[in-house]
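Proteins come first, then strands; the chains are lettered A, B, ... in the order of their sequence lines, and each starts at number 1.
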2 protein chains.
Amino acid sequence: MKNAYFYTCNSSMAHKITQQILLTVDAVVFGYSQGQGVSVLLIKRKIKPFKDSWALPGGFVHDKESLEDAVMRELQEETGISVQYLEQLYTFGGVGRDPRSRVVSVAYFALVKSSEFTLLAATDAAEAEWFNIEELPVLAFDHGVIINKAIERLRAKITYEPIGFELLDRKFLFSDLEQLYVKLLGYDIDRRNFKRKMMSLGLVQQLDEVVASSTAGRPGKLYSFDKKKYKELKVSGFDLLKLI
Amino acid sequence: MKNAYFYTCNSSMAHKITQQILLTVDAVVFGYSQGQGVSVLLIKRKIKPFKDSWALPGGFVHDKESLEDAVMRELQEETGISVQYLEQLYTFGGVGRDPRSRVVSVAYFALVKSSEFTLLAATDAAEAEWFNIEELPVLAFDHGVIINKAIERLRAKITYEPIGFELLDRKFLFSDLEQLYVKLLGYDIDRRNFKRKMMSLGLVQQLDEVVASSTAGRPGKLYSFDKKKYKELKVSGFDLLKLI
DNA sequence: CCAAAAGTGTTGTGCCTACACCCATGG
DNA sequence: CCATGGGTGTAGGCACAACACTTTTGG
C-alpha cells in the first residue's frame, strides 16, 4: 500500500491517501508508405497477461519524468523509433482495463515520417511491426479502443490541420499526398481541386527537382512542406476553410 | 511505497513496480447568466498548500471508481452541483505540479444550465463561487493553465457543436443565445445571419410563448433546443458549415 | 411619442464542385 | 506507338457576408 504522502480533507476530518492506482502511457504511432498504406506500430507482448498478443508500445511512468518524456522513452526502448509529431490523445481510466490491478493510461498520438517507416520495416525485428489500420490483429487490454479513437482523431485532424506532411518524406510527389488523403478518408477526391486548395494555403512549395521516373508514366515534380510558413500562419491564425 | 502488484519487463529482467504517482481529477465547470456572463466554478481551499486560494473542484480518484464517477462525486461533494455535459479535457502530468508529491490530474470540461448557475449564486456558500472568465483570481497549482485550456476548448467547440444550449435555460430568447456567442467569441455577430444559420440547422424550435417583457422593448418569443433532432442529426452526420 | 429591443429580406461576391484533355516518359 | 501516370482551366451554383427598416411594448 502506498504511503500517505500528505493529508487531504473534503470533510472536516483529514484522512490518509492510500491510492492504489498505477499510471502508464501508451502511444499510437502512425506511419505511412505507398505500399502498406496507413499503419500503426505494435509490439508483441512477452509477458502475461496477454502474452504473445499485439499491443501498443508504452509502459509505466517514472516518478520524476513527464508524461511526454515517458512516451518517448518507452518508444525508444521498445521500438527504437523517434517520432515527428506527438500529442496527447485521451486518458483511459476504466476500472477493469487491466486484470491485475487498477491501471490508468494516458494515450498519445504520434506520427513518423515515411523514412522511419521503411527503416523499421527493413529490420527483421519480430518485436515491433507495422499493421495496416484496416487489418489490425486482436489487441491486448483495451488497446483496440485506443487505436479506434486515434484513427478517428487522425481522420478528423487531417481535414483541418496540415499533418499529412508529417507522414511523408521531406520531399514528396503531389500524388503521394493525394493518395494519403484518399486512403485516410476512404473516398476519391478530385485531383485538380485538391491541388488548388492545398497550394492556396501556401504551405507547400514546388521544388526544381523531378523524381527519377521509376515506374511508367510522366515523372512528377517534387514538393516540400514549408514549416516556417506554417508557423507564421499559425500565429496569425489561418483559416483552412474546407480542405476536402 | 506502493506494493508491487505485478512484475513488468522491458528488458529481460523483471522488476517490481514501485510507482509513487497519485491520480486526481479536476473539473472546469462553466456556467452562464445574462448578468455575470460566462463563468467558472471555483472552490476555496481549506488546507495547505495554497490554503485560502481558489482552485478547481476535484480530488483523488478512488481505487474502484471510473474517472467520470470521480469527477461527478467530487463535484457533488464540493459544490452540490449536477452538470449537463461532461467531457474529458486533458491530462496534466508535469513533474512539479504539486509541491508535495507527484500528482497527475485528469481534467474535465463541464457545462451547467443557467438555472443551476443562479441556484448556486443564490446560496451564500462561501466555499464555491462563480467567477467571470475575464476576472479570474490567482489560482492554486497549475489550475490557471487548466482553465485556459478549457476556455480555449469552449471557444472552439461553440463554433462547431451546438453546446451553447447546455448553458442556457430550457427555454430561451434568441437574443440570449446570440449574447452568449458574442461574449464567448469576443466580437459582434450579425443578428440576422446568426438566426438564419442557427435555424437552418433545424435544432432550435420556436415555441408559442412570448416572454413577459420585464424590461423596455418588444417582448421576445421563446425558443428551445430540440435534443431529439440533434441526436438524429449526429448519427447521420451533419455539417455545421461555418456557424459563425 | 419616444426609447428599447425584436423581428425580418435581398443582393453581391467568392469559394467549392464538377468535369476532360494534353504531356512526358519507359518499354 | 502505346500504356501509364502527371499536369492543368473553366463555368455554374450556392453559401456566406453585408446591410437598414419596421414592429411591439413600457414609460
Colleague: Taking only the side-chain heavy atoms of B:P219 (C-beta and beyond), determine which of C:dT25, D:dT25, D:dT8 contains the nearest atom.
Modeller: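 Given the options C:dT25, D:dT25, D:dT8, the side chain of B:P219 is closest to D:dT25.
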Colleague: Starting at atom NZ of B:K195, determine the distance to atom C1' of C:dT10, rounded to an integer number of angstrom.
Modeller: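 Going from NZ in B:K195 over to C1' in C:dT10 covers 17 Å.
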Colleague: How long is the straight-line distance from CG of A:L139 back to CD1 of A:I146, given to the nearest 0.5 Å?
Modeller: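 Reported to 0.5 Å precision, the distance equals 9.5 Å.
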Colleague: Between the side-chain atoms of A:R196 and the base atoms of D:dT10, is any donor-acceptor pair under 3.5 Å?
Modeller: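 Indeed there is one.
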Colleague: Would one find a side-chain N or O of B:K221 under 4.0 angstrom from OP1 or OP2 of C:dA6?
Modeller: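 No, because none of the side-chain N or O atoms of B:K221 sits under 4.0 Å from OP1 or OP2 of C:dA6.
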Colleague: Is a side-chain donor or acceptor of A:D142 paired with a backbone partner of A:V145 at a separation under 3.5 angstrom?
Modeller: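 No, A:D142 side chain to A:V145 backbone: no donor-acceptor pair under 3.5 Å.
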Colleague: Give me, pair by pair, the N or O atoms of the protein and of nucleotides 12-14 of chain D that are less than 3.5 Å apart, along with how far apart they are.
Modeller:
none

Colleague: Calculate the interatomic distance between A:M198 atom CE and C:dC16 atom C1'; express it in whole Å.
Modeller: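 So the two atoms are 15 Å apart, to the nearest Å.
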Colleague: Classify the ring geometry of B:F174 against B:Y223: parallel below 30°, tilted from 30° to 60°, perpendicular beyond 60°.
Modeller: perpendicular
Colleague: Look only at the side chain of B:D190 and the backbone of B:R192, and say whether a donor-acceptor pair between them is shorter than 3.5 Å.
Modeller: yes
Colleague: With heavy-atom distances below 4.5 Å as the criterion, would you say the side chains of B:R45 and B:F141 are in contact?
Modeller: yes
Colleague: A:Y181 side chain to A:I158 main-chain N or O, any donor-acceptor pair under 3.5 Å?
Modeller: yes
Colleague: Answer yes when B:K157 and B:E166 have at least one side-chain N-carboxylate O distance shorter than 4.0 Å, and no when they do not.
Modeller: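 Between B:E166 and B:K157 there is no salt bridge, as every charged N stays at least 4.0 Å from the carboxylate O atoms.
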Colleague: Under the 3.5 Å rule, do the base of C:dA6 and the side chain of B:R192 count as making a donor-acceptor pair?
Modeller: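 Answer is no: no donor-acceptor pair is held.
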Colleague: Which of these nucleotides, C:dC19, C:dT8, D:dA18, is closest to any side-chain atom of B:N193?
Modeller: D:dA18
Colleague: Counting heavy atoms from C-beta on, name the nucleotide in D:dC19, C:dC16, C:dC19 closest to the side chain of A:K197.
Modeller: C:dC16
Colleague: Let me confirm one number: the OH-OH distance from A:Y160 to B:Y160, rounded to the nearest 0.5 Å.
Modeller: 6.5 Å
Colleague: N/O contacts under 3.5 Å, protein versus nucleotides 1-5 of chain C?
Modeller:
none

Colleague: Rounding to an integer number of Å, can you tell me how far A:I189 CD1 sits from C:dA18 P?
Modeller: 13 Å
Colleague: Taking CZ from A:R191 and P from D:dG7, how many angstroms apart are they, rounded to a whole number?
Modeller: 8 Å
Colleague: Could you tell me how far apart B:E178 (CD) and C:dT8 (P) are, to the nearest whole angstrom?
Modeller: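 Rounding to the nearest Å, CD of B:E178 and P of C:dT8 are 14 Å apart.
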Colleague: In whole Å, what is the span from the CZ atom of B:F194 to the C1' atom of D:dC16?
Modeller: 15 Å
Colleague: Quickly work out the A:D190 CG to C:dT17 P distance and round it to whole Å.
Modeller: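 Rounding to the nearest Å, CG of A:D190 and P of C:dT17 are 9 Å apart.
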Colleague: State, with a plain yes or no, whether a side-chain heavy atom of B:F30 is found less than 4.5 Å away from one of B:V40.
Modeller: yes
Colleague: When the distance from CD of A:Q206 to C1' of D:dT8 is rounded to whole Å, what number comes out?
Modeller: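 In whole Å, D:dT8 C1' lies 12 Å from A:Q206 CD.
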